[in-house]
Amino acid sequence: MTIHSVVIQKLLTTNAHIGRQVTTHHFKQFTYGFRNRQSIIDSDKTLICLRNALNFLSCLSRDPSSSFLFINTNPLFQPIIDEMTSRVTSLSPERASSLWKMRGFLTNSCSPKKFRSRHKKLVFAPTKMPDCVVIFDTERKSSVFLEAERLGIPIVALVDSGIPWEYYKKVTYPIPANDSVQFVYLICNMITKCLMLEKKKDGAKGTGKKATIKDQVESTSESKGSASDEVLVVPYDNLAPMSCDIADSKQLLDKLVVVKYNGALGKNMGFNGPKSLIEVKNGSTPLDLIVNQIQSLNSKYGCNIPLLLMNPKNTHKDIVKALEKYSTLDVDIHPFEQGERTQHESFVSEGGEDKWQSSKHGTHFLSLMNSGTLDVLLAQGKEYALVVNPDNVAGVVDPKILNHLAQNSIEYCSEVTPTTSTGLINFMASSLQGIFKLEDFTSDHSEKSVKGFKFIDTRSLWLNLKAIKRLVVTSALNLDNLSTLKLFENSIGISIPQSRFLPLNSTSDLFLLQSDLYSFTEGMFVRNDARVSPSDPSIALGPEFEKISDFKRRFETIPSIVKLDSLEVNGDVWFGADIVLKGKVVIDASPGLTLRIPDGVVLEDEEINDPTDI
């Protein structure tokens with residue numbers, strides 16, 4: 001019998017696997033199913049999360065000045081926790097378990113601590129702010145969660161199948177299990193042994209100085225000097241093709257997970273819902289496209305690529321409802337509700353070492369990984385994650401890029417695309433790779449903002465999950481700056497064709513997607529071979545076309561734009577069917593004038609202000 005089997009049997013004897021009759025949606029990732037109307041918690045996942053939490057506590061305990069605050073109000077657990085704290089010499093558990101009821105036990109730590117009465121001494125707050133809060137019974141602990149989060153103190157907590165999302169999302173290291181007395185005894189015993197073992201190691205080494213992997217990473221990055229300011233950009237055409245062996249390809253793709261954030265809304269286009277549900281071409285939505293891509297790969301190679309959907313509270317119901325039509329497809333989809341949606345922040349690079357940043361979806365990805373999902377994925381054999389830019393409709397789940405990462409041990413890869421600079425496009429087309437400064441990249445793709453930059457960061461990221469695990473556990477990775485390249489062992493940028501970066505931020509972008517310039521197959525957009533120019537035409541539709549409903553009414557059919565360089569439309573303009581646009585076309589209807597472009601007309605290098613110009 002293996003050690004793993006023995007540990008699992010020990011967990012089963014504590015009834016840690018028995019959940020409640022009701023299971024919250026965010027907890028389903030830890031459940032195995034239902035039996036006798038009770039949810040069954042997956043013991044393998046409990047063991048993974050428990051190991052992760054113990055590793056974190058052990059890392060903290062290497063600092064002799066570190067302290068832990070154990071929170072408990074269940075009288076059945078108290079003798080067990082008393083015995084543990086007496087051995088590890090932490091804060092008094094009785095003090096902690098009574099303080100949380102008084103509120104402000106952490107934020108009021110600077111207030112007077114002690115008052116003496118005739119018979120007893122009252123202590124209102126710990127004399128030192130703890131480095132970690134450990135909660136054994138999470139029921140009715142709202143003040144503890146809120147205050148620990150406010151002060152940035154990590155929380156280790158036992159969580160069961162009924163824990164509400166607003167509390168669960170605040171737990172840094174959740175341990176999914178039934179909080180039985182036997183399991184609490186087991187976990188207290190393991191905490192005691194881990195902390196005492198670290199204390200013994202420190203005594204043997206004769207050092208009390210805190211040294212973590214974070215320090216090693218930072219010292220390594222400093223030693224690199226100016227090299228950390230540079231990025232190796234590899235042209236997509238330089239990547240080696242996938243193996244012809246289906247078995248090898250399946251083995252590689254089984255290591256991949258795709259993550260997509262659905263927080264971007266279409267309100268600026270008059271769409272009441274997430275952009276992922278806007279019909280972009282032939283009735284298909286961006287969500288349809290990514291699902292179809294994964295379905296095609298699963299069918300072709302016999303692999304299993306899961307799709308994790310991170311949904312804010314205001315879009316979660318719409319996304320879950322849209323997923324019903326995929327029930328018959330061979331795609332493993334897991335929607336996660338991320339809570340209240342924060343105000344959208346757009347990161348625009350103006351050059352400099354720390355300015356090449358990803359959009360907020362990178363932070364949401366790390367938040368999801370911190371919730372225990374990362375350990376579950378690693379236990380399932382997943383090693384790489386593709387974090388898809390929510391605004392990019394043409395993002396591709398590309399096995400060729402994944403193969404390059406695996407062959408070259410790359411931990412971080414960002415998809416970039418050249419700006420419209422002709423010289424740079426010709427350079428990248430020559431299949432030569434180069435090293436560029438971070439100040440050469442921008443994440444703002446608007447035409448005015450790309451001047452002076454060489455690349456656009458598409459904000460689609462390929463990440464090594466083991467590297468994320470290493471950096472997250474040691475707090476070396478800043479959640480607000482995923483693009484801190486110096487923390488990764490090996491990072492690159494891959495220059496993809498502009499046709500694979502098609503943002504959907506306005507009806508002008510929708511016009512481009514619905515035209516004959518692009519078609520799609522198996523969920524991937526393909527550019528029309530008749531297009532000679534390497535860049536897409538510039539489209540600028542006036543405010544009359546701003547809403548999707550107005551956009552649809554003003555076009556009987558989308559004009560042909562294969563040979564178009566630029567189009568500018570202002571005023572009350574209506575388009576007929578089968579129109580062809582070439583070169584530079586400007587249509588500017590005077591105020592109060594309705595301008596109708598007739599069916600079948602061909603406009604080439606025209607400037608139209610009234611019907612006589614047609």
Side-chain angles (χ1 to χ4, degrees), residues 258 260-300 305 307 309 311 315-333 335 388-397 499-531 536-537 539 541 545-562 574-581 599:
V258 179
K260 180 176 174 59
Y261 179 62
N262 292 303
L265 300 176
K267 287 186 177 180
N268 63 317
M269 293 182 282
F271 183 77
N272 188 22
K275 288 183 182 179
S276 299
L277 302 183
I278 295 178
E279 293 186 2
V280 291
K281 199 174 187 72
N282 299 336
S284 295
T285 66
L287 183 59
D288 294 334
L289 298 179
I290 195 74
V291 171
N292 289 340
Q293 285 186 47
I294 297 176
Q295 163 71 10
S296 298
L297 290 174
N298 288 346
S299 300
K300 181 177 181 180
I305 304 175
L307 174 62
L309 300 177
N311 309 318
T315 65
H316 183 68
K317 290 183 178 179
D318 293 334
I319 295 296
V320 171
K321 185 177 180 180
L323 294 179
E324 294 176 358
K325 60 182 176 181
Y326 309 130
S327 58
T328 58
L329 297 182
D330 182 24
V331 181
D332 193 10
I333 305 177
V388 181
N389 180 359
D391 291 334
N392 185 17
V393 179
V396 176
V397 184
S499 59
R500 286 176 53 170
F501 179 55
L502 301 175
L504 178 58
N505 294 315
S506 66
T507 51
S508 297
D509 298 328
L510 192 61
F511 174 89
L512 194 69
L513 295 170
Q514 294 186 354
S515 70
D516 61 344
L517 184 60
Y518 285 100
S519 59
F520 67 86
T521 176
E522 296 182 344
M524 294 182 290
F525 273 90
V526 180
R527 180 184 286 199
N528 194 325
D529 292 335
R531 176 75 177 179
D536 290 336
I539 308 296
L541 302 180
F545 297 80
E546 186 177 82
K547 306 301 180 183
I548 292 180
S549 56
D550 295 331
F551 172 83
K552 291 180 177 179
R553 289 189 302 109
R554 290 180 177 273
F555 287 101
E556 287 191 28
T557 61
I558 302 299
S560 172
I561 61 170
V562 174
W574 300 75
F575 289 82
D578 302 325
I579 297 172
V580 178
L581 303 178
D599 297 347

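Across every non-hydrogen atom of Q293 and M524, the tightest pair is CD-CG, 3.7 Å. Y518 and S499 make their closest contact through OH-CA, 3.5 Å (heavy atoms, listed as atom of the first residue, atom of the second, distance). L277 and T285 make their closest contact through O-CG2, 3.5 Å (heavy atoms, listed as atom of the first residue, atom of the second, distance). Here the closest heavy-atom approach between residue G266 and residue I278 is recorded as CA-CD1, 4.5 Å. Minimum heavy-atom separation, L541 to T507: CD1-O, 4.0 Å. Between I539 and S508, the shortest heavy-atom distance links the atoms O-CB, 3.6 Å.
Between the K275 side chain and the L504 main chain, a donor and an acceptor come within less than 3.5 Å of each other. Without hydrogens or angle criteria, K281 side chain to S519 main chain gives no donor-acceptor distance under 3.5 Å. Looking only at distances, a side-chain donor or acceptor of N268 sits under 3.5 Å from a matching main-chain atom of N505. For the pair N311 (side chain) and K317 (backbone), a donor-acceptor distance under 3.5 Å is absent. Checking side-chain atoms of N282 against main-chain N and O of S284 turns up no donor-acceptor pair under 3.5 Å. A donor-acceptor contact shorter than 3.5 Å is absent between the side chain of R500 and the backbone of A394. Of the possible donor and acceptor atoms, one in the side chain of N298 sits under 3.5 Å from a partner among the backbone N and O of D330.
A distance of 11.5 Å separates OG in S299 from CD1 in I294, rounded to the nearest 0.5 Å. Distance check: D288 CG to Y326 OH gives 3.5 Å after rounding to the nearest 0.5 Å. Note that the OG atom of S560 and the CD1 atom of I579 stand 11.0 Å from one another [nearest 0.5 Å]. Distance check, rounded to the nearest 0.5 Å: CD of Q295 to CG of L307 gives 12.0 Å. Here the CG atom belonging to N272 is positioned 7.5 Å from the CG atom belonging to D318, to the nearest 0.5 angstrom. With rounding to the nearest 0.5 angstrom, the CZ atom of F271 is 12.0 Å from the OG atom of S549.
No side-chain heavy atom of E279 sits less than 4.5 Å from a side-chain heavy atom of I548. No side-chain heavy atom of V393 sits less than 4.5 Å from a side-chain heavy atom of D509. The shortest distance between side-chain heavy atoms of T557 and F575 does not fall below 4.5 Å. Side-chain contact check for I558 versus F551: some heavy-atom pair is nearer than 4.5 Å.
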Q: Kindly determine whether T315 and N262 satisfy side-chain hydrogen bond (donor to acceptor under 3.5 Å, both in side chains), including the steps that lead there.
A: CA-CA 7 Å; T315 65; N262 292 303; over 6 Å; no

Q: Could you give me the CA-CA distance, side-chain angles and deciding distance for L512 and I561, then say whether side-chain contact (heavy atoms from CB on, under 4.5 Å) is met?
A: CA-CA 8 Å; L512 194 69; I561 61 170; 3.9 Å; yes

Q. Checking side-chain contact (heavy atoms from CB on, under 4.5 Å) for the pair L287/L309: CA distance, chi angles, key distance, verdict?
A. CA-CA 10 Å; L287 183 59; L309 300 177; 4.1 Å; yes

**Q.** From CA spacing to verdict: side-chain contact (heavy atoms from CB on, under 4.5 Å), F520, L289
**A.** CA-CA 9 Å; F520 67 86; L289 298 179; 4.0 Å; yes

Q: Verify side-chain contact (heavy atoms from CB on, under 4.5 Å) between F511 and L517, making sure each step is shown before the conclusion.
A: CA-CA 10 Å; F511 174 89; L517 184 60; over 6 Å; no

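Under the side-chain contact (heavy atoms from CB on, under 4.5 Å) criterion, E556 pairs with A577, D599, not counting sequence neighbours.
Using the six-membered ring where Trp is involved, F555 and F545 have ring planes that are tilted, between 30° and 60° apart.
Here the options are K547, K552, R553, the test is salt bridge (charged side-chain N to carboxylate O under 4.0 Å, His left out), and the partner is D550; only R553 passes.
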